[in-house]
2 protein chains.
Amino acid sequence: MLAAERHSKILEQLRAEQSVTVSELSQALDVSEVTIRKDLIKLENDGLLTRIHGGATITDFLPVERSFTEKLAERSEEKLAIAHQALSHIQPGDTIMIGAGTTTMELAKLLRGMNDLTVVTNAVNIAMELNSQGKHHVILIGGEMRHKSFALVGSVAAENLRNLSVFKCFIGADGIHPEHGLTTLNLAEAQINQVMMERARKVYVLVDYSKFGETYLAKFAGVSDVDRIITDAAARPFVERYVELGINLELASPQGVSR
Amino acid sequence: MLAAERHSKILEQLRAEQSVTVSELSQALDVSEVTIRKDLIKLENDGLLTRIHGGATITDFLPVERSFTEKLAERSEEKLAIAHQALSHIQPGDTIMIGAGTTTMELAKLLRGMNDLTVVTNAVNIAMELNSQGKHHVILIGGEMRHKSFALVGSVAAENLRNLSVFKCFIGADGIHPEHGLTTLNLAEAQINQVMMERARKVYVLVDYSKFGETYLAKFAGVSDVDRIITDAAARPFVERYVELGINLELASPQGVSR
DNA sequence: GAAATAAAACGAAAGTATACAAAATAAAAC
DNA sequence: GTTTTATTTTGTATACTTTCGTTTTATTTC
């Protein structure tokens, strides 16, 4: 086998799996690990991958803020379960909106397993993730960028959204309360959430159990203004109250998914 | 067997397999490896294949756009020098526009050493970089996202830009030619570049030496339509021609910077 | 500190370039 | 229509370079 052939196979696997290990490649291509390492060095110099201890990953030059990554790690199992549940509402070919947030970011990652979506979002990190998946049409609205959340906000963002209409919209919230409704820490983001809700036929809100009973600065909707609230199993204690109010609550459990 | 016959068989196999090896061909065509190598040298000179150690592969003669990271690794020293030179035109507090591209991405990275800028861009990766620096006000225009370049393009992008005005604008180009002007591989990006130029008082174009004499699909400006062209020292041979035309060329050298 | 991974050094093997000789073919001369 | 002369093509031989794997020595990671 030619060296160039090996290189393209390595890149192929990398695209499919996101990461490769030296030992794995050494076995699969039937050459020594030293050779694989030399290949990886060459490919890294060409900017085609990033070497890490034990193998390589796709080049990810996104300077992702630590605070955000830390946040992402919090209750990631619950968020993943919620994202999985939300995913079940999305079909290939759909046109959807996704708001900024850590739970919605989890949902975006899961869209790797979906094809041919048109996704409108105001979250720059979500747009980057979807772009890297390479199979969706990504529309990012314009606006001023918020440092912490990667969200685009402001009048330009709102104006851009008003020219778009979708069927389904998935947004997150920092707090959910039977009386105070859905709230976020930031006013500008709340405004964008509001516009997103206007532009979608069906609105899904993704919140983990820790958000229940919390209220923050900016309210963007009442609990009954949305079509469905998707949360995790740990939110079960709060369910009753919402069912009384006639709210559609969907509980996702890490193992499977229940209603 | 005639030599020409051998050549066509080699090309045939190449089209079928993407790559061929010298030993394989030597056996199949029953001639020595030296002969095969001479054949391959001839075919390479004719631009019909690319020779590699052990054999040959097909040549991609189409100017296909490669991945962003791949481009980023190329001529990175020159790009850095150019970016440094461009940086000298930026003052703290400035409001600037930055177009999509690998050289402009280098410039964005250097803005870490600058304070309090307001930056308008159509490049999602540049917005992410600037956001991570945490000291600038970042405005991303909306639009459809291009996979390869992370650029936001389309009518929404253009419309967003038309509502903004800045003093300085920094854009890249894929090709620069005295007659054919500044060109890019992609039409949609050329359109955005055009609008950016309209919205800025002073336009700086960042191109490394390899872009000189090249022409691609979409022209977005003539060489004299921009205020300054910033390039690297290796472009010196081309300078004279541009000076004749009365074009402002600025050469950046890796060590320092000269005019 | 142990295990895994990486780097460096070295040598063997595979591949390449060049020179030169031997065919084969073409051109010229008689 | 030969024979001679040049030209081209191909193969052998040799020196050189690149590639790759083994071994040894460092460096990470847990």
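Residue numbers start from 1 in every chain, and the chains themselves are labelled A, B, ... in the order their sequence lines are given, proteins ahead of strands.
- Taking OH of B:Tyr209 as the reference point, atom CZ of B:Arg75 lies at 5.5 Å (rounded to 0.5 Å).
- Counting only heavy atoms from C-beta on, B:Ala3 has its side chain closest to D:dT10 among C:dA6, C:dG15, D:dT10.
- In this structure, of D:dT29, D:dC20, D:dT10, it is D:dC20 that holds the atom nearest to the side chain of A:Asp39.
- Between the C1' atom of C:dA4 and the CD1 atom of A:Ile36 lies a distance of 17 Å, rounded to the nearest Å.
- Here the P atom of nucleotide C:dG15 and the CG atom of B:Leu40 are 13 Å apart, to the nearest Å.
- The nearest heavy atom of DNA chain D to A:Val31 and to B:Thr35 marks one nucleotide each, and the one closer to the 5' end goes with B:Thr35.
- Partner of B:Val22 under the side-chain contact (heavy atoms from CB on, under 4.5 Å) criterion, out of B:Val34, B:Thr35, B:Leu40: B:Leu40 alone.
- The base-pairing partner of D:dT23, taking Watson-Crick or G-U wobble contacts with both distances under 3.5 Å, is C:dA8.
- Distances were taken from every side-chain heavy atom of B:Val34 (C-beta onward) to each of D:dC20, C:dA6, D:dG11; the shortest belongs to D:dG11.
- Following rounding to the nearest Å, A:Lys42 (NZ) and C:dA6 (P) show an atom-to-atom distance of 19 Å.
- Nucleotide C:dC30 is matched to D:dG1 when pairs are restricted to Watson-Crick or G-U wobble geometry with both distances under 3.5 angstrom.
- A salt bridge is defined here as a Lys NZ or Arg NE, NH1 or NH2 lying under 4.0 Å from an Asp or Glu carboxylate O, and B:Arg51 with B:Glu44 meets this definition.
- Listed pair B:Ser32 / D:dT10 fails the phosphate criterion, with no side-chain N or O lying under 4.0 Å from OP1 or OP2.
- Of the side-chain N and O atoms in A:Arg51, one or more sit less than 4.0 angstrom from OP1 or OP2 of C:dA7.
- In this structure, the CG atom of B:Leu29 is 17 Å from the P atom of D:dT9, given to the nearest Å.
- Rounding to whole angstrom units, NZ of residue A:Lys38 and C1' of C:dA6 are separated by 12 Å.
- Set against C:dA7, C:dT16, D:dT29, the side chain of A:Arg37 has C:dA7 as its closest nucleotide.
- At the heavy-atom level, A:Ile52 lies under 4.0 Å from the strands shown only through sugar-phosphate atoms.
- When rounded to the nearest whole Å, the span between CG of A:Asp30 and P of D:dT19 equals 19 Å.
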Full working for side-chain contact (heavy atoms from CB on, under 4.5 Å) between A:Ile90 and A:Met114 | CA-CA 9 Å; A:Ile90 302 174; A:Met114 185 72 61; 4.2 Å; yes

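- When rounded to the nearest whole Å, the span between CZ of B:Arg6 and P of D:dT9 equals 9 Å.
- A donor-acceptor pair is defined here as one N or O able to donate and one able to accept, closer than 3.5 Å; no such pair exists between the side chain of A:Gln13 and the backbone of A:Gln18.
- Where A:His53 and A:Met1 each meet DNA chain D at their nearest nucleotide, the meeting point lying more 5' is that of A:Met1.
- Put simply, CD1 on A:Ile41 is 16 Å from C1' on D:dT18, counting in whole angstrom units.
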